[in-house]
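Each remark here refers to the structure printed beneath this line.
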Amino acid sequence: MSNDPDRICGPNAVAALFACRPDAVLRLFYVPERRFQAGPFCPLLARSRRPYREVPPDELAKIAGTPHHGGIVAVAAQRMLEQIEEPLPDWGPLLPVLDSIGNPHNLGAIARSAAFFGVKGMLLGGSGQAGLSSSAYRVSEGGLEHLMLHHADPLPGVLRALAPRMLTVVAVSRDGIAPEAVPRDRPIALVLGNEETGPARATIEACAVKVTLPGSGMVESLNVSAAAAVLFHALLTPSGR
């Protein structure tokens, strides 16, 4: 794994970084139009003798590695995924578990929805799982910063270890129960699978329940990030409401 620093782009993602990991910030760059947003962060960096600088848009694009930088970029120490250890964290009533979500935009969108609904953490596992890239941070709009992030490997074994304390539920495109039928008597670990192939067979077999979003039938399924948002809302809403 590369030790290159993270490049966090966009005003919301940068604000979340300063709120959650201020000590990780190494440098800050911004265009003149983002001077107002950068203003509160500059004294913090000055006190710790970390550089910040106003730069033209073309230079900021080079720093960010993308033209989609939102006018402000923080360079931060790389965030590493934590390994799951006992005692388990308090993940609350719902824990998203990603199985080989390969597109960093989907990772970021899922994290954004998770944070919106008050989810506390997320597990990332499976072959080809997207990592914490600048694209994922940007699309998450700060959501990744607000989540406890853990590495789940091998994923089926992790799910079996969680089973005594959490109901393991896997989202599938067909043959699952509706979200309102999922029991709510204990916290739920919700598995979301790869964009093309869905969850791995071993992952499905490790779960106690399969859930499917009912649709019109005109298309087979939703994009995984859209499905995640719908399922988060459905599974966090008390049964009968």
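Side-chain contact check for V209 versus L167: some heavy-atom pair is nearer than 4.5 Å. Between P187 and R165 the shortest side-chain heavy-atom distance does not fall below 4.5 Å. Looking at K120 and M148, their side chains come closer than 4.5 Å, going by heavy atoms from C-beta outward. When side chains are defined from C-beta on, I72 does not count as touching F29, because their heavy atoms never get closer than 4.5 Å. Here the side chains of H150 and P89 are in contact, with some heavy-atom distance below 4.5 Å. With a 4.5 Å cut-off on side-chain heavy atoms, R7 and Y137 do not count as touching. No side-chain heavy atom of V169 sits less than 4.5 Å from a side-chain heavy atom of V191. With contacts defined as side-chain heavy-atom distances shorter than 4.5 Å, the pair P67/P57 does not qualify.
Taking both residues in full, the closest heavy atoms of C9 and T66 are given as SG-CG2, 4.4 Å, listed atom of the first, atom of the second, then distance. Annotation for R79 and L144: closest pair NH1-O, 2.8 Å, computed over non-hydrogen atoms. Of all heavy-atom pairs between R50 and L26, the closest is CB-O, 3.5 Å. In terms of heavy atoms, A152 sits closest to L123 at CB-CB, 4.1 Å. Residue A136 comes nearest to L107 through the heavy atom pair CB-CD2, 4.0 Å, listed as atom of the first residue, atom of the second, then distance. Minimum interatomic distance between V211 and A178 (heavy atoms only, all atoms of both residues): CG2-C, 4.0 Å.
Inspection of the E195 and N223 side chains reveals no N or O donor paired with an N or O acceptor under 3.5 Å.
Within the 3.5 Å criterion, the main-chain N or O of V172 finds a donor-acceptor partner in the side chain of T212. Formation of a donor-acceptor pair under 3.5 Å by the D99 side chain with backbone atoms of A200 is found in this model. Between the T168 side chain and the A163 main chain, no donor and acceptor come within less than 3.5 Å of each other. R174 contributes no side-chain N or O that, together with a main-chain N or O of E220, makes up a donor-acceptor pair within less than 3.5 Å. A distance-only check finds a donor-acceptor pair linking the side chain of N194 to the backbone of S100 [under 3.5 Å]. Checked by atom type and distance alone, the side chain of T237 pairs as donor or acceptor with a backbone atom of H233 at under 3.5 Å.
Annotation: the span from M122 atom CE to L81 atom CG amounts to 9.0 Å, rounded to 0.5 Å. Rounding to the nearest 0.5 angstrom, the gap separating the CD1 atom in I8 from the CG atom in L28 is 11.5 Å. Distance check, rounded to the nearest 0.5 Å: OG of S135 to NE2 of H68 gives 8.5 Å. Once rounded to the nearest 0.5 Å, the distance linking CG of D23 with OG of S48 reads 8.0 Å. Between the CG atom in L192 and the CG atom in N106 there is a gap of 10.0 Å [rounded to 0.5 Å]. Taken from SG in C207 to CG in L155, the straight-line distance is 7.5 Å, to the nearest 0.5 Å.
Two different hydrophobic clusters hold L60 and Y30 under the rule that ILVMFWY side chains link at heavy-atom gaps under 4.5 Å. Criterion: ILVMFWY side-chain heavy atoms under 4.5 Å apart, direct or through other members. Under it, V170 and V158 are part of a common hydrophobic cluster. One hydrophobic cluster, built from ILVMFWY side chains closer than 4.5 Å, holds both L17 and L44. Taken together through direct or relayed side-chain contacts under 4.5 Å among Ile, Leu, Val, Met, Phe, Trp and Tyr, V224 and L190 form part of one hydrophobic cluster. Note: the hydrophobic cluster containing L147 does not contain V139 (ILVMFWY, side chain heavy atoms under 4.5 Å, direct or indirect links).
Salt-bridge formation is not detected for the pair R112/E145: no Lys NZ or Arg NE/NH1/NH2 atom is positioned less than 4.0 Å from an Asp or Glu carboxylate oxygen. Salt bridge present: E59 and R53 bring a charged side-chain N and a carboxylate O closer than 4.0 Å. Salt bridge status for D175 with K210: absent, with no side-chain N to carboxylate O gap under 4.0 Å. Salt-bridge annotation for R34 and E54: absent, with no side-chain N of the basic residue lying under 4.0 Å from a carboxylate O of the acidic one.
The aromatic rings of F117 and F232 sit perpendicular, their planes meeting at an angle over 60°, well past the 30° parallel limit.
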* To do: Take V119 and L236, measure what side chain to side chain contact (heavy atoms under 4.5 Å, CB included) needs, and give me the verdict at the end.
  => CA-CA 9 Å; V119 171; L236 288 168; 4.3 Å; yes
* Please test V14 against V73 for side chain to side chain contact (heavy atoms under 4.5 Å, CB included), starting from the C-alpha separation and ending with a verdict. => CA-CA 7 Å; V14 169; V73 178; 6.0 Å; no
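Scanning for salt bridge (Lys or Arg N to Asp or Glu O under 4.0 Å) contacts around R27 gives an empty result, with sequence neighbours left out.
Between N12 and the choices R138, Q37, E141, the side chain to side chain donor-acceptor pair (under 3.5 Å) rule is met once, by E141.
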